[in-house]
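Everything numeric in this text was worked out from a predicted model, so none of it was measured.
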Amino acid sequence: MEDHKKTVHDFDFIGRILTILKILQEQTDEHTTISQSEILAWMKKCDRPCSARTLADYLKVMMKELNPEDEDGFVDDRFSISDYKIIPKGLEDKLCARDLGLEQEGSKKLQLRDLKYNHVFSFEELDQIIEAVLFLKHISP
């Protein structure tokens, strides 16, 4: 009889999801996107390889949890681009179509391409914070 315990679940998927989130945060910004194949390459470098299908499933789950979009494809009128954490290609167009009242365009499913992470601060806001700190009289260089 074997002495090692059987594990009911393999929780490696949590490590993969956290790695994907870290890749999105570090490799993208408001002007730079990343493709699924690039994410897969980074996953391999981080010793968390997975298949393209698995990555797509993880991205869908992450977007469902982090983004305010309904499952039916319509975006809620209460939310803007700043409310989304993972932004796929076409989301800005979809929100614009929604704002213009084009419901057909606003209900299209998004493709998991050209992804980017919506950081807390934009480049412009970071520059303003840096300038504010640099010009404080109470802080010496």
Side-chain angles (χ1 to χ4, degrees), residues 2-141:
E2 293 183 29
D3 289 338
H4 73 297
K5 293 183 179 180
K6 291 184 179 181
T7 57
V8 177
H9 299 284
D10 176 13
F11 289 105
D12 193 42
F13 72 93
I14 295 172
R16 285 192 189 117
I17 287 177
L18 292 173
T19 301
I20 294 166
L21 188 57
K22 184 177 178 183
I23 291 167
L24 287 169
Q25 289 173 335
E26 292 177 355
Q27 302 301 318
T28 68
D29 57 41
E30 60 193 86
H31 304 292
T32 309
T33 60
I34 193 168
S35 67
Q36 285 190 47
S37 59
E38 291 169 321
I39 294 173
L40 287 171
W42 278 102
M43 296 280 292
K44 195 171 184 179
K45 287 180 189 177
C46 296
D47 292 327
R48 297 268 188 203
C50 66
S51 69
R53 179 69 194 151
T54 300
L55 175 62
D57 289 342
Y58 287 157
L59 287 168
K60 287 176 187 175
V61 167
M62 291 170 65
M63 289 173 65
K64 184 177 184 281
E65 293 302 319
L66 296 174
N67 292 349
E69 184 172 339
D70 292 331
E71 286 187 42
D72 63 1
F74 287 97
V75 288
D76 195 310
D77 290 338
R78 299 173 291 162
F79 301 111
S80 66
I81 195 74
S82 63
D83 296 309
Y84 288 78
K85 280 296 168 201
I86 300 175
I87 301 172
K89 179 183 175 114
L91 177 62
E92 290 164 294
D93 294 337
K94 184 176 182 175
L95 291 172
C96 184
R98 175 206 63 192
D99 293 342
L100 293 173
L102 303 172
E103 300 222 359
Q104 288 291 94
E105 294 296 315
S107 66
K108 287 184 178 176
K109 292 287 184 188
L110 295 170
Q111 298 177 359
L112 293 175
R113 295 186 352 208
D114 299 331
L115 300 162
K116 61 184 173 181
Y117 184 80
N118 193 6
H119 293 272
V120 176
F121 297 108
S122 68
F123 283 145
E124 183 180 314
E125 291 167 329
L126 285 175
D127 284 340
Q128 290 172 354
I129 292 169
I130 291 167
E131 286 178 18
V133 170
L134 288 175
F135 291 112
L136 282 175
K137 294 179 182 180
H138 303 296
I139 298 177
S140 60

Exercise. Should K44 and L40 count as side-chain neighbours, where that means a heavy-atom distance under 4.5 Å?
Worked result: no
Problem set entry | Least distance between heavy atoms, Q27 atom then I34 atom | CB-CD1, 4.0 Å
Seminar exercise, completed: Exactly one of N118, I81, I86 clears side-chain contact (heavy atoms from CB on, under 4.5 Å) with L91, and that residue is I81
Exercise. Between I23 and T19, is a side chain to side chain contact (heavy atoms under 4.5 Å, CB included) present by the stated rule, with each step listed?
Worked result: CA-CA 6 Å; I23 291 167; T19 301; 3.9 Å; yes
Exercise. Would you say K89 has more than 12 foreign heavy atoms packed within less than 6.0 Å of its NZ?
Worked result: no
Exercise. Looking at side-chain heavy atoms only, is the closest gap between C96 and D93 below 4.5 Å?
Worked result: no
Problem set entry | Validation row: Q25, L21 side chains within 4.5 angstrom (heavy atoms) | yes
Exercise. Got L115 and L24 here, is their nearest side-chain heavy-atom distance under 4.5 Å?
Worked result: yes
Problem set entry | From S51 atom OG to D57 atom CG, the distance as rounded to the nearest 0.5 Å | 7.5 Å
Problem set entry | From I17 atom CD1 to C50 atom SG, the distance as rounded to the nearest 0.5 Å | 10.0 Å
For this session: Measure across M43 and I20 and return the closest heavy-atom pair with its distance rounded to 0.1 Å.
Result: SD-CG1, 3.5 Å
For this session: Heavy atoms only: give me the nearest P88-M63 pair and the separation to one decimal.
Result: CG-CE, 3.4 Å
For this session: Might you point out which heavy atoms bring D83 and P68 nearest each other, and give the distance in Å?
Result: O-CD, 3.5 Å
For this session: Decide yes or no for R113 and Q36: does some side-chain heavy atom of the first lie under 4.5 Å from some side-chain heavy atom of the second?
Result: no
For this session: May I ask you to decide if T33's main-chain N or O and D114's side chain share a donor-acceptor pair within less than 3.5 Å?
Result: no
Problem set entry | Euclidean distance, T32 OG1 relative to Y117 OH, rounded to 0.5 Å | 15.5 Å
Exercise. To the nearest 0.5 Å, how far apart are CE in M62 and CG in L112?
Worked result: 11.0 Å
For this session: Indicate yes or no for a side-chain donor-acceptor contact from N67 to the backbone of I87 under 3.5 Å, with no hydrogens or angles considered.
Result: no
Exercise. What pair of heavy atoms forms the shortest contact from K116 to E92, and how long is it?
Worked result: NZ-OE1, 3.9 Å
